[in-house]
Every structure is written in C-alpha cells, then in structure tokens.
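To start, the structure under review is shown below, and the notes come after it.
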Amino acid sequence: TGSSRPQRMLKAVQKNATKGDPKSVISAIDSYCRHKEWAMNVGDDKGLILDSVLTEVNPSTALELGTYCGYSSVRIARLLSPDSKLITIEFNPAFAIIARQIIAYAGLQDKVTLVEGASGDLIPKMKEQFGIKSFDFVFLDHWKDRYVPDTKLLEDCGLLKKGTVLLADNVICPGAPEYLQYVRNNPRYESRYYPSNLEYTKVEDGLEKSVFLG
Ligand SMILES: O=C(NCc1cccc(CNc2ccc3[nH]ncc3c2)c1)c1cc(-c2ccc(F)cc2)cc(O)c1O
Ligand SMILES: [Mg+2]
C-alpha cells in the first residue's frame, strides 16, 4: 500500500529541513502543506498568533490536546524556557509515530512528552503520572466536540490555576460553537477571539484565548 499523508510530511521534513533546527522544520511543513498537500496543522498564519500568546505566557508547563504530526508541538516547544515542558496527547497511533520523529528531528524531544491515548482518560492521570500541579498553558486542537468536556475535566481535576491560558484552534472552521458559548458566557473565563484563516487557505478561522480566573 502507499504512504500516508503524515508519512509524506515526515519525508518532506527529512528532505528539506535541517536536523536540530525547529524553524526549518516548521518552514518545511508549511511549504509542503501550502504547495503540495494540505494538512490540518495550525499553520503559519494562526501559528504567529500561537507564538505571540506563548511568548506572553512563557509557560513552565504546557499541555497540547491533539498532536497530529507534531507541527504545533515544535512551534510551542521551540519557544519554551530551558526547564519548561510540553505534554502533548495524541489518540491516533499512526499520527503519534510520525509526530515523535518530527519532534526529534527538530531536536525538541527533551522538552516534549508525547502521550498516546484519549484526553478524557489521560487528563485525570496528569497529576499522579507526570507530577503536574497545574498547567500554565493549554492548546486545544483535537476533536472539536471534546473541547468543552475536556475543559470541564481540567477544571474538575484542579489542573487549571488563576491565570492559566487556554488557546483553542478552529473555533470557526470546522468550528467549536459549544466551546465558544462555554468560555464566553462563563464568569470564570476572560475570552478574546483572534481572527485568522484556516491553515494554508483563505477560509476564515481563528483562535480563542481564554484566561481562567480561578
Ligand atoms: O478536526 C481537526 N482536528 C482534530 C482531529 C481530527 C482527526 C483526527 C484526530 C485524532 N487526534 C486526536 C483525537 C482525539 C483526541 N483526544 N485527545 C487527544 C486526541 C487526538 C484529531 C481539524 C480539522 C480541520 C479541518 C478539516 C477539514 C476541513 F475541510 C477544514 C478544517 C482543521 C484543523 O486545524 C483541525 O484541527
Ligand atoms: Mg486545528
């Protein structure tokens, strides 16, 4: 059988990026996905917003829901301070296997812990298994109908603290209407919408940033 889209993305990284250079890995993926084959990475336009929010938060402990091929894991990890960590959760083993290789190619394997499984199962285990007190930053980019239940789960597990920043991808396309409703009408969150476009297209999309108020 032929290769998969994630496998072709990894090949493009190995061919066009420099080992240990996160910036070149990001560019190689963006170029491949813009000119050769679309893929559901957060992309370069929304990626700039992700970068700016990350730089502002400067998290010690970050969580990503939905690794896919590791593009946003690389974007996030490259901006973390020396002793800071990213935990990224991926449900699909075929995606995880590629993501591990792309994260390693960028030289960021020591900052990123990729955990395979479903967010709903793994979030309750974060404290005991990874010694996490709370997260400073959460990037939501997995199944859009899981954004609300997982946000509630993070609250219930005491994994959010006053000032934790949640950043959600795709709130317009494919859309996460229940999530927008939840964070925008909840007194425990201060939310702001960052308009942008769906990765590698002219279609409208954007990121919702929500600060947990405790
Ligand atoms: O749907 C999306 N992404 C999520 C997703 C999708 C598939 C598989 C997985 C499997 N990974 C997974 C699942 C459950 C999980 N629980 N915990 C971790 C975890 C991990 C995740 C998405 C779609 C589009 C899009 C598509 C088509 C189109 F026309 C426009 C836009 C654009 C995006 O930027 C997107 O992010
Ligand atoms: Mg996305």
Side-chain angles (χ1 to χ4, degrees), residues 4-10 26 29-30 32-34 36-51 53-54 62-76 86-103 112-126 129-130 132 135 137-157 159-160 166-180 183 193-210:
S4 70
R5 189 174 314 209
Q7 284 169 327
R8 292 190 292 273
M9 205 184 306
L10 171 60
I26 292 164
I29 293 172
D30 284 332
Y32 181 76
C33 294
R34 189 173 285 280
K36 299 283 187 335
E37 188 176 25
W38 187 92
M40 60 179 180
N41 314 117
V42 71
D44 42 1
D45 297 334
K46 289 184 288 179
L48 288 173
I49 300 166
L50 171 59
D51 289 357
V53 171
L54 260 167
L63 172 67
E64 176 180 58
L65 303 177
T67 317
Y68 187 39
C69 295
Y71 173 89
S72 44
S73 306
V74 169
R75 277 206 93 109
I76 293 166
L86 169 67
I87 294 178
T88 183
I89 299 178
E90 181 49 57
F91 177 73
N92 182 318
F95 294 172
I97 213 162
I98 298 297
R100 288 188 201 286
Q101 294 175 77
I102 287 179
I103 291 162
V112 182
T113 304
L114 195 163
V115 193
E116 284 185 52
S119 46
D121 302 331
L122 291 166
I123 286 170
K125 296 175 180 164
M126 282 292 144
Q129 273 195 0
F130 302 96
I132 304 288
F135 290 109
F137 178 82
V138 182
F139 183 54
L140 298 92
D141 194 20
H142 59 332
W143 288 332
K144 310 314 162 192
D145 60 0
R146 289 295 314 173
Y147 283 18
V148 172
D150 287 342
T151 299
K152 289 179 173 174
L153 192 54
L154 286 163
E155 290 170 21
D156 298 344
C157 295
L159 286 165
L160 304 182
L166 307 185
L167 190 64
D169 190 25
N170 312 115
V171 294
I172 304 301
C173 178
E178 305 87 355
Y179 179 76
L180 288 182
V183 290
Y193 175 63
Y194 292 80
S196 186
N197 48 279
L198 177 70
E199 49 267 25
Y200 318 117
T201 77
K202 291 189 167 38
V203 173
E204 187 189 350
D205 190 19
L207 301 171
E208 185 83 358
K209 174 190 165 191
S210 305

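All values reported here derive from a predicted model rather than from experimental measurement. Order of listing sets the numbers, starting from 1, for every ligand and every atom in it.
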Original post:
With respect to the Mg ion (ligand 2), what is the nearest N, O or S atom of D141?
Top reply: OD1
**OP:** Could you pull out the closest heavy-atom pair between F95 and M40, with the gap in Å?
**Re:** CE1-CE, 3.9 Å
Original post:
Would a distance-only check, ignoring hydrogens and angles, find a side-chain to backbone donor-acceptor pair under 3.5 Å from D205 to S196?
Top reply: no
Original post:
Any N or O of N92 that comes nearer than 3.5 Å to an N or O of ligand 1?
Top reply: no
Original post:
L65 near ligand 1, heavy-atom distance under 4.0 Å?
Top reply: no
**OP:** Could you verify whether a donor N or O on one side chain and an acceptor N or O on the other, from Y32 and E37, lie under 3.5 Å apart?
**Re:** yes
Original post:
Are R75 and N41 close enough, and set up right, to give a side-chain contact (heavy atoms from CB on, under 4.5 Å), and what steps lead you there?
Top reply: CA-CA 11 Å; R75 277 206 93 109; N41 314 117; over 6 Å; no
Subject >> Cationic N near anionic O, under 4.0 Å, D141 to K144 >> reply: yes
Subject >> N, O or S of D169 under 2.8 Å from the Mg ion (ligand 2) >> reply: yes
**OP:** Identify, for atom 11 (N) of ligand 1, the protein heavy atom at the shortest distance, and state residue, atom and that distance.
**Re:** E90 OE2, 2.8 Å
Original post:
atom 16 (N) of ligand 1: protein heavy atom closer than 4.0 Å?
Top reply: yes
Original post:
What's the shortest distance from atom 34 (O) of ligand 1 to any protein heavy atom, and which residue and atom give it?
Top reply: E199 OE2, 2.5 Å
Original post:
Is the distance from the Mg ion (ligand 2) to the nearest N/O/S atom of Y68 under 2.8 Å?
Top reply: no
**OP:** Output the list of atoms in ligand 1 that are nearer than 4.0 Å to some heavy atom of D169, sorted by atom number.
**Re:** 34 (O)
Subject >> Close approach of Y68 to ligand 1, heavy atoms, under 4.0 angstrom >> reply: no
Original post:
Where is the nearest protein heavy atom to atom 1 (O) of ligand 1: which residue, which atom, and how far?
Top reply: K144 CE, 3.6 Å
**OP:** Taking only Lys NZ, Arg NE, NH1 and NH2, and the carboxylate oxygens of Asp or Glu, determine whether E116 and R100 approach each other closer than 4.0 Å.
**Re:** yes
**OP:** Among all protein heavy atoms, pick the one closest to atom 35 (C) of ligand 1 and tell me residue, atom and distance.
**Re:** N170 OD1, 3.2 Å
Original post:
So which protein heavy atom does atom 18 (C) of ligand 1 come closest to, and at what separation?
Top reply: I89 O, 3.5 Å
Original post:
So which heavy atom in the protein is nearest atom 6 (C) of ligand 1, and how far is it from that ligand atom?
Top reply: M40 CE, 3.5 Å
Original post:
With a 4.0 Å heavy-atom cut-off (strictly under), which part of L198 contacts ligand 1: side chain, backbone, both or neither?
Top reply: side chain
Original post:
Can you find a heavy atom in the side chain of I29 that is under 4.5 Å from one in the side chain of I102?
Top reply: yes
Original post:
Has ligand 1 got any nitrogen or oxygen that is less than 3.5 angstrom from a nitrogen or oxygen of K46?
Top reply: no
**OP:** Decide whether D30 and Y200 meet the rule of one side-chain donor and one side-chain acceptor closer than 3.5 Å.
**Re:** yes
Subject >> For atom 26 (C) of ligand 1, the protein heavy atom that lies nearest, with its residue and separation >> reply: W38 CH2, 3.8 Å
**OP:** Determine whether K46 and L167 make a side-chain contact, defined as any pair of heavy atoms from C-beta on separated by less than 4.5 Å.
**Re:** no
**OP:** Find out whether L54 and F139 are in side-chain contact, i.e. whether some heavy atom of one side chain is under 4.5 Å from a heavy atom of the other.
**Re:** no
**OP:** Identify the two heavy atoms, one from A39 and one from C33, that lie closest to each other, and give their separation to 0.1 Å.
**Re:** CB-SG, 3.7 Å
Subject >> Side chains of Y193 and I172 in contact at under 4.5 Å (non-hydrogen atoms) >> reply: yes
Original post:
Would you say R146 contacts ligand 1, with heavy atoms under 4.0 Å as the rule?
Top reply: no
Original post:
Taking C-beta and beyond as the side chain, do E208 and V183 meet within less than 4.5 Å on heavy atoms?
Top reply: yes
**OP:** Pick one of side chain, backbone, both or neither for how D141 approaches ligand 1, counting any non-hydrogen atom pair under 4.0 Å.
**Re:** both
Subject >> Identity and separation of the nearest protein heavy atom to atom 8 (C) of ligand 1 >> reply: W143 NE1, 3.6 Å
Original post:
Can you check whether N41 has an N/O within less than 3.5 Å of an N/O in ligand 1?
Top reply: no
